[in-house]
Every structure is written in structure tokens, then in C-alpha cells.
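I have placed the structure first, in the form of C-alpha cells, so that the comments after it can refer back to it.
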Amino acid sequence: MRYLTVFLVLILFTSCSKEETNPCTAKFACAEAVTLSVEVFDLNGEPVILDNYYTFIDQRNRFDFTDSSYNLGEGVYVIATDNQKPQIDFNGTNVVFVGELNGVNVIEQPFILGKDCCHINLVQGETTIQIEL
């Protein structure tokens, strides 16, 4: 009985460790990459072709996809991909998608992005934006 009590106390102490900041302790197979995107339309429902677009996490971290191989179709733009997962918090990170036309910001759309053990995900934000040109 004494050994059982010692065993139970040891289990209790080892299970009450500090909260883990990374819930992904096991290895997961994450085969497919995730790309989060936004569709931009004008008031007539036509796709808007932006000159430049990027996503800011803060003043230092800018994800620029304008010259990338992420061609998702007319009017569809990348917000972030799994490549940005290290900069995203599990509980959510505020980002701003910026779209430019003729050197002017015509879109500054906030989003909250999160992640799980494998991929980034959209926590909050509209994936369709309608703008007046």
C-alpha cells in the first residue's frame, strides 16, 4: 500500500507541470500545405487586379507575395501560407493585408491568424473584400 501511495504522488507531481506553450508534443504528418487567401472585387463584382499586395504582422515582418508563384486567379490574393507558421501564435496573431493600386493603399484589411500543430488557419476576418475604385 505504501508503494502505491508513493506511485500516485509521483504521478500527481509529474502531471501538474507548467502549462505548455506548444501543444504539439507529438509528431504529426502534415502533408499538404495551407494557403490563406482573400478575394477582391469592385462594386460591379469584377475581380480587382492589384499592383502590389502584402501582409504585415508588425512593422518589421512583411510577407510579400506579389512576385511569388502563388497565382490563385484574378482578384485572389495570398494572405499567408504555412511558410509563415513560425511567426503566427497558436492563440492568434493580428495581421493586416494591404493592397495597392497606382501606389496608393486601397485595402488595409485586418485578420487574425492562428495555427495548430500542422497548419495556419483563419481565426477572424472576411475572405471577400469589395472595394470602390
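Scope of the values below: all heavy atoms of this structure, side chains included, with no hydrogens, waters or symmetry mates. Bear in mind the structure is a predicted one, so any value in this text is a computation, not a measurement. Heads up: numbering here begins at 1 and tracks the sequence.
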Is there a donor-acceptor contact under 3.5 Å from the side chain of Asn102 to the main chain of Val104? no
Would you confirm whether Asp82, through its side chain, and Ala33, through its main-chain N or O, come within 3.5 Å as a donor-acceptor pair? no
How many angstroms lie between atom [atom1] of [X] and atom [atom2] of [Y], to the nearest 0.5 angstrom?
X	Y	atom1	atom2	answer
His119	Glu32	NE2	CD	7.5 Å
Thr55	Gln87	OG1	CD	11.5 Å
Thr127	Glu39	OG1	CD	6.5 Å
Ile57	Arg62	CD1	CZ	13.5 Å
Ile88	Leu113	CD1	CG	4.5 Å
Asp89	Lys115	CG	NZ	7.0 Å

Same apolar cluster (I L V M F W Y, side chains within < 4.5 Å links), [X]/[Y]:
X	Y	answer
Val38	Leu43	no
Leu133	Tyr77	yes
Ile120	Ile112	no
Ile79	Ile131	yes
Phe41	Val76	no

Gln130 CD: over 12 foreign heavy atoms closer than 6.0 Å: yes
I need the single residue from Val40, Leu101, Val96, Val48 that forms a side chain to side chain contact (heavy atoms under 4.5 Å, CB included) with Ile107. Which is it?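 That would be Val40; it is the only one of Val40, Leu101, Val96, Val48 passing the side chain to side chain contact (heavy atoms under 4.5 Å, CB included) with Ile107.
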Let's go through Glu74 and Ile49 carefully: what are the C-alpha distance in whole Å and the side-chain angles of both, what is the deciding distance for side-chain contact (heavy atoms from CB on, under 4.5 Å) to 0.1 Å, and is it a yes or a no? CA-CA 7 Å; Glu74 285 190 348; Ile49 309 303; 3.9 Å; yes
Take the angle between the ring planes of Phe111 and Phe97 and call it parallel below 30°, perpendicular above 60°, tilted in between.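 Ring orientation of Phe111 relative to Phe97: perpendicular.
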Given Glu100 and Tyr54, is the side chain to side chain donor-acceptor pair (under 3.5 Å) satisfied, shown in steps? CA-CA 9 Å; Glu100 295 179 359; Tyr54 47 88; 3.1 Å; yes
What verdict does the side-chain contact (heavy atoms from CB on, under 4.5 Å) test give for Asp116 and Phe90, after you've listed the backbone C-alpha separation in whole Å, the side-chain angles of each residue and the deciding distance to 0.1 Å? CA-CA 6 Å; Asp116 59 22; Phe90 284 97; 5.6 Å; no
Less than 4.5 Å apart, any side-chain heavy atom of Val106 and any of Leu50? yes
Thr35 and Leu72, any side-chain heavy atoms less than 4.5 Å apart: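 Sidechains of Thr35 and Leu72: in contact.
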